[in-house]
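First comes the structure, then the notes that go with it.
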Amino acid sequence: MYLYCPRHKLYSTPIYHSQKAVVTASHNTDPMATYAPLWLSTSPSTLSSPFPRVGRSFTWLASPKPQQVLYKRLSNSRASCIFRKDSERFDGLRTKGNGSKDGAGETDKTEEKSTSTPSGPVSSNMTEKTGEKSTSTPSGPVSSNKTETTGEKSTSTPSEPVSSNKTEKTGEKSTSTPSEPVSSTKTEKTGEKSTSTPSEPVSSNKTEKTMEKSTSTPSEPVSSSKTEKTGEKSTSTPSEPVSSNKTEKVTIPPPEPITSKKTEKDVFETEEKLAESLAKYVADLSKTYTKTGGFFNVVLSGGTLIRSLRKLSEPPYVNSIEWSKWRVFWVDERVVPRDHIDSNYKIALDGLLSRVPILLRNVYPINDSLLDEAAADDYEARLKRLVNNRVIDTSPDSGFPVFDLILLGMGPDGHVASLFPRHALLKETQNWVAYLDDSPKHPPKRITFTFPVINSSENIAFVVCGFSHADAVHRALESGEDSVVKLPVQMISPQGQVKWFLDKDAASKLKKLI
Ligand SMILES: O=C(O)[C@H](O)[C@@H](O)[C@H](O)[C@H](O)COP(=O)(O)O
């Protein structure tokens, strides 16, 4: 099923059978503003009845084979339909950039070419391939595809044009079932349901490095438990046509009613077993996001997290993961030179990235020639260029960047990233990246993602080991809404999935294990 705007000869998102849509109001500057799309009951030649007016809802008819999906799923389970000319590529698509020097941290010349660096939250049109239906709960992309528009230049000779208007991701869902945890908890909250089908294994990405064959079998976490919470989620849509000076979008609730955002926690007997399960989780997500050409935008923390990711640099994952499709960012970073012992980039490079065939060009450390606030501003501007070039998704709701996976540690005081208890940055709601020079954890000067960015992530995984974290883990997972002063970790409430990887010590003060 397509939406079609006869006035602008624009096709739109193919819609699945029985989906409902509501046309909301639009900016009159928007080429689609004046007209809601005309429904195509079968193919462009047989247009269905005149299109509904703004504000009315209507049901998609039977669905012919969709061509291209052009919508971004909104965080509250609506998807805004963004049309494109049936014969034209996306405007703003870059031809293959001349790229920049390979190597981590080199400014990507094509990044620089983007004309605008959005000031606040960014909304951008995205290419979306069909998100195939899944029956399972979302852990993979809610629906996020990115047109590859920057010269994502590989360090190896690209076998195909590095940048094209090729779409990169399908809304595929991982079929990952983590190795049986001894305990894991699933908390159901209202959220969004992905509708992608379980992904098939991607072709393995042969690594240039040979590693000893690992004989380890996926680990058995100590315990796991699932609890269900339900809640209403508003999918408010304008009841009245809104004045014509707003952006008109077709908002499409998902084919099925929204379901739950899950918080899972797996507890493992040892850190070794945690590391094995964490590697499988990350590899499964990578497979989901990189299937049929998508990229996997991963965000790392500092601290002991990297050590727990070590299994990714061993077979089978070092060979099976499509590392060339990984892009790596940092949720926080110390404002020190990249080769400094305190640098999270150095920790990750030494502990993981130098051991896997990742393209260093797809690794985005901070610009270590900048100090203080400038380092944060620069990283934020860089992210916005990548968003503008459709390398990173944005949440159509909030305009903040949407990463596929953010891997977080947590301090004993409940800090996450470099967001510390009672710090002013906990209240930051506009900037994507903030600077602080009073970190209670050494070193004092850092940059950090803010909560709006962290909470826009499609998947968040906490990796926490050690008895010293047990109190904060208990407060994060069991203190509920009643705690007067929230720890930073309690302010993590993403639209996507949250999974906790805990060793027994860190989970030792949890009441509900099974
Ligand atoms: O740059 C940092 O320091 C980290 O990003 C920080 O947020 C870390 O993840 C926690 O402090 C947990 O650190 P440990 O895992 O070492 O306890």
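In listed order, ligands and their atoms are each counted from 1.
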Checklist line | Shell of residues surrounding ligand 1, defined by a 4.0 angstrom heavy-atom cut-off that is strict | finding: S301, G302, G303, T304, D332, R334, N344, G409, M410, G411, H415, A417, K441, R446, H469
Item checked: ring-ring contact (aromatic ring centres under 6.0 Å, His included) pairs, two or more places apart, involving residues 436-460 -> F403-F449
Checklist line | Under 3.5 Å: donor-acceptor pair, side chain of E380, backbone of R382 | finding: no
Notebook entry, point to check: With a 4.0 Å cut-off, would you call K311 and E272 a salt bridge?
Noted result: yes
Check: Can you name the ring pair (Phe, Tyr, Trp, His ring centres under 6.0 Å) partners of H415, sequence neighbours left out?
Finding: F420
Item checked: Listed partners of Y379 passing ring pair (Phe, Tyr, Trp, His ring centres under 6.0 Å), at least two apart -> none
Check: Salt bridge check: are D437 and K445 linked by an N-O gap of less than 4.0 Å?
Finding: no
